[in-house]
Amino acid sequence: MAFFEQHMHPVPKTFLSKYIFSFDHKVIGKQFLWYGIFFLGIGGIMALMIRWALAFPDQAFPIIGQFMFPETGGIIPPDTYAMLFTMHGTIMIFYAITPILIGAFGNFCIPLMIGARDMVFPLLNMLSFWLAIISGLLLVGSLFTPLGAAAGGWTSYPTLSTLIGSPGTGQTLWALAIFVLGVSSTMGAINYITTIIVLRAPGMGYFDMPLTVWGLWLTAILNAIFLPVLGAGVLLLIFDRVFGTQFFLAGAAATSGAGDPVLFQHVFWIFGHPEVYILILPAWGIVSDLLSFFARKPAFGAKATALSMTAVTVLSTLVYGHHMFTTQMSPLLTQSFMTLTMTISIPSAIFFANWLGTIWRGSIRFDSPMLFSLGVVFVFGLGGLTGLYLATVTTDLYLHDTYFVVGHFHYTMAASVLLGGFAAIYFWMPKMFGVMCNETLAKWHFWLTMLGLNGVFMGMMVVGYAGMHRRIYNPFIYEHLQRLIPINEFITWSAILMGLSQIIFVVNFVHTVFFKKEKATQNPWNVGTLEWTIPSPAPNYNFKEIPVVKCGPHEFSNPNLTTGRDFQYQTEELVKA
Amino acid sequence: MMTKTQLIPGEIRQAKAIGSIAMVFVLVSFSMLFATLFMGYAALRTSAPVWPPMGMDNLPMLYPILSTIFIAISSLCWNMFEKTLKLSWVLATLVLGLAFTASQFGLWSELKLHGILAGTGVFASVIYTFTWIHMAHIAVALALLIWPIVWVKKEQVTDIRAVKITSIGKFWHFLGIIWALMFVTLFVL
Ligand SMILES: [Cu+2]
């Protein structure tokens with residue numbers, strides 16, 4: 001759509017309409033950012049507790065242990081351990097990564113980068129955030145129910161998640177929270193998709209969009225298609241638990257005409273595999289842009305990158321069976337799922353090569369967003385490669401449910417998304433809040449995080465390969481795992497390092513947002529995408545005049561440039577010889 | 001937010017296009033929800049040794065047939081409403097929607113009379129769950145009908161509102177189609 005008349009928002013006057021019930025995509029994006037950072041902290045502390053239990057199973061958890069588990073003298077009890085890994089996974093995936101990458105940067109970046117004044121449905125946008133708040137309250141509330149929170153793993157397989165496995169209300173509230181969050185994210189997704197289709201600035205074709213927008217768009221499409229699948233699954237789970245239906249009950253638990261526990265696994269992974277791409281696609285997009293911005297070179301094969309990300313999106317819908325190789329599906333199916341999964345490495349390799357092509361012989365500026373982007377390239381490369389061992393049926397049968405899997409998926413969807421999120425925060429900080437983060441602290445944050453992160457996840461892959469199973473409390477009662485105690489202690493110390501280095505980020509972020517006086521300039525990174533053509537922080541109406549786009553987002557170091565800059569704004573005609 | 005009520009022709013076209021694009025994805029989302037339910041049903045049914053599972057009577061057909069008739073006519077009435085924008089047609093849609101609701105409640109009490117409860121077996125679970133979830137959507141759609149009724153009554157059907165009316169209509173027809181699929185797969189086959 002070439003042009004659409006967009007009206008300017010009136011400036012909100014009251015505190016409520018400005019900060020709480022705001023229709024402004026920038027404010028909603030910031031709300032999601034705080035929401036995500038809050039849950040990132042909670043999920044992170046849970047991770048440290050899990051790690052503590054795996055390294056020092058008979059010692060009290062430091063500082064808060066005595067207060068949280070008085071009956072065991074501060075030692076994490078087994079049932080709490082199960083709740084911790086369940087809630088850690090749920091919180092990190094749905095309440096930290098999703099709000100930060102999709103909620104915050106989806107909201108903030110899409111209208112600014114496509115030259116729009118807001119999302120196409122601002123009311124829907126606000127409702128989406130407040131549903132996410134309700135969902136978060138349900139989830140946090142479930143921690144305080146009599147039998148505690150959900151403890152069946154973030155995948156909540158029956159029968160662990162039915163009344164037989166977890167009789168408490170915690171599991172019901174978990175399912176309800178996920179359902180509500182699904183509704184919220186679907187609303188957001190429909191808004192994003194429509195916005196990108198109809199509100200692109202005049203002159204901006206799909207391939208003139210920054211790759212960040214591409215990533216967010218593909219994510220939104222996957223969200224709109226597959227979140228309802230999870231929604232249906234958890235709805236049936238709720239009905240099984242509350243109304244006594246029997247979808248996931250089998251054997252003696254069902255009265256007549258048995259249900260099927262494995263059915264939930266199918267439903268869950270039909271959603272679950274696209275979900276990992278839902279999480280990573282925005283990070284891929286952001287990194288694809290930032291590598292070009294800080295290498296001062298056009299993104300190598302930007303069109304191919306966009307198309308291969310699209311190919312991954314399509315393929316991701318066809319591979320879910322690789323999570324279920326051990327459920328006795330027919331060999332014909334396992335072979336097909338294996339082949340399709342392997343196929344994903346082709347488009348992934350294409351854009352990965354494009355990333356390397358982008359930084360190849362660039363005049364790289366090692367600012368903090370670039371450091372984090374390079375970090376993503378490294379950890380995603382490692383995570384992607386180790387995925388091949390899990391896609392292969394023969395090796396997966398051995399590695400299934402070991403720490404190798406845990407290490408692999410943390411590299412792909414935790415480490416790379418986390419680093420991508422930090423890159424985005426440091427990069428868009430001036431446009432969001434009008435101030436720049438402290439670079440020295442940001443660099444310390446990067447290196448310490450990187451060190452801790454690789455210690456944790458590399459270590460996990462090693463112990464997993466040695467046969468350590470996931471989700472068991474105190475694995476060292478098994479003789480064959482006792483030799484893994486030292487390396488588990490190493491992983492835990494790495495996790496503590498990683499956890500502590502986040503304090504640097506929080507201090508830097510909070511100080512910058514609330515106390516820093518020195519204002520950022522309009523375009524501190526010298527980048528040509530549309531959001532840098534307007535003042536920092538972005539004004540209420542974004543663009544005084546709707547911009548007209550004349551060139552792509554990565555026009556750097558064009559030898560014909562005579563402006564004294566080494567980049568072009570997207571509103572400028574491409575300089576030719 | 002939209003300050004102007006009447007738009008120039010170009011803007012009307014754009015508003016319509018935005019409405020259709022958004023509705024495509026809305027309906028895709030809802031379709032996936034129901035598709036998942038149907039997929040689960042198909043998996044349970046094809047893997048069961050006998051169907052309907054042992055001990056199940058034939059299901060009462062009267063109420064499902066009534067529901068089908070009500071929702072089919074309601075869709076036709078809505079079509080007439082979109083063409084004429086007359087209050088009587090949208091009211092007819094509303095009344096038929098309420099009749100559909102009543103026939104669903106009739107179905108549930110009839111099932112209860114036959115001793116079929118949600119926990120009676122997996123087929124009963126399917127029937128109750130599908131009708132509950134569908135009914136919840138019908139309830140939302142009925143609530144949405146209030147706006148067109150108010151707009152038509154006050155004779156304030158602006159261009160933007162006309163687009164919204166089309167969108168509500170699409171949702172209503174969609175629920176009719178879902179019911180038709182449920183009727184055939186749950187009750188007829
Ligand atoms: Cu997968």
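Any value given below was found using the heavy atoms of this structure, including those in side chains, with hydrogens, waters and symmetry copies removed. Here is how names work: the chains are called A, B, and so on, in the same order as the sequence lines, proteins then strands, and each is numbered from 1.
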Visitor: What distance do A:Leu236 atom CG and B:Leu37 atom CG have between them, rounded to the nearest 0.5 Å?
Guide: 5.5 Å
Visitor: Sort A:Leu230 into side chain, backbone, both or neither according to what part of it lies under 4.5 angstrom from a heavy atom of chain B.
Guide: neither
Visitor: Measure distances from A:Leu235 to the heavy atoms of chain B and classify the residue's part below 4.5 Å as side chain, backbone, both or neither.
Guide: side chain
Visitor: For residues A:Leu263 and B:Ala43, report the shortest heavy-atom separation together with the two atoms involved.
Guide: CD1-CB, 4.1 Å
Visitor: Could you tell me the separation between the CZ atom of B:Phe25 and the OG1 atom of A:Thr194, rounded to the nearest 0.5 Å?
Guide: 7.0 Å
Visitor: Heavy-atom distance under 4.5 Å to chain B: side chain of A:Phe264, backbone, both or neither?
Guide: neither
Visitor: Are there over 12 heavy-atom neighbours, none belonging to B:Gln156, within less than 6.0 Å of that residue's CD?
Guide: yes
Visitor: Using a 4.5 angstrom heavy-atom cutoff, name the option from A:Ala232, A:Ala189, A:Gly233 with the most pairs to chain B.
Guide: A:Ala232
Visitor: To the nearest 0.5 angstrom, please state how far the CD1 atom of A:Ile190 sits from the CG atom of B:Leu27.
Guide: 9.0 Å
Visitor: Given side-chain contact (heavy atoms from CB on, under 4.5 Å), test A:Thr186 with B:Phe30 step by step and report yes or no.
Guide: CA-CA 10 Å; A:Thr186 313; B:Phe30 281 109; over 6 Å; no
Visitor: Check each atom of B:Leu117 against the heavy atoms of chain A and say whether the ones under 4.5 Å are side chain, backbone, both or neither.
Guide: neither
Visitor: Between A:Gln246 and B:Val122, which heavy-atom pair has the shortest distance, and what is it?
Guide: O-CG2, 3.9 Å
Visitor: Does atom NZ of B:Lys16 have more than 12 heavy-atom neighbours from other groups under 6.0 Å away?
Guide: no
Visitor: Look at atom CH2 of A:Trp130 and say whether more than 12 heavy atoms of other residues, nucleotides or ligands are closer to it than 6.0 Å.
Guide: yes
Visitor: Of the listed residues (B:Ala35, B:Ala118, B:Ala48, B:Ser47), which shares the most heavy-atom pairs with chain A below a 4.5 Å separation?
Guide: B:Ala118
Visitor: Of the non-hydrogen atoms in B:Ile18 and A:Val120, which two are nearest, and what is the gap between them?
Guide: CG2-CG2, 3.8 Å
Visitor: List the steps and the verdict of side-chain contact (heavy atoms from CB on, under 4.5 Å) for B:Met39 and A:Val267.
Guide: CA-CA 9 Å; B:Met39 186 209 77; A:Val267 172; 3.9 Å; yes
Visitor: Using heavy-atom distances under 4.5 Å, tell me whether A:Phe226 contacts chain B through its side chain, its backbone, both, or neither.
Guide: side chain
Visitor: For B:Val126, is it the side chain, the backbone, both, or neither that has a heavy atom closer than 4.5 Å to a heavy atom of chain A?
Guide: both
Visitor: Examine whether an atom of A:Phe239 lies under 4.5 Å from a heavy atom of chain B, and if so say whether it belongs to the side chain, the backbone or both; otherwise answer neither.
Guide: side chain
Visitor: For B:Ala22, which atoms come within 4.5 Å of any heavy atom of chain A: side chain, backbone, both, or neither?
Guide: both
Visitor: Please confirm whether the backbone N or O of A:Ala224 pairs with a side-chain atom of B:Ser29, one donor and one acceptor, at under 3.5 Å?
Guide: yes
Visitor: Taking it one step at a time, do A:Phe247 and B:Leu44 satisfy side-chain contact (heavy atoms from CB on, under 4.5 Å)?
Guide: CA-CA 8 Å; A:Phe247 290 101; B:Leu44 291 172; 3.9 Å; yes
Visitor: Can you tell me which of B:Val26, B:Val24, B:Thr129 forms the most heavy-atom pairs within a distance under 4.5 Å of chain A?
Guide: B:Thr129
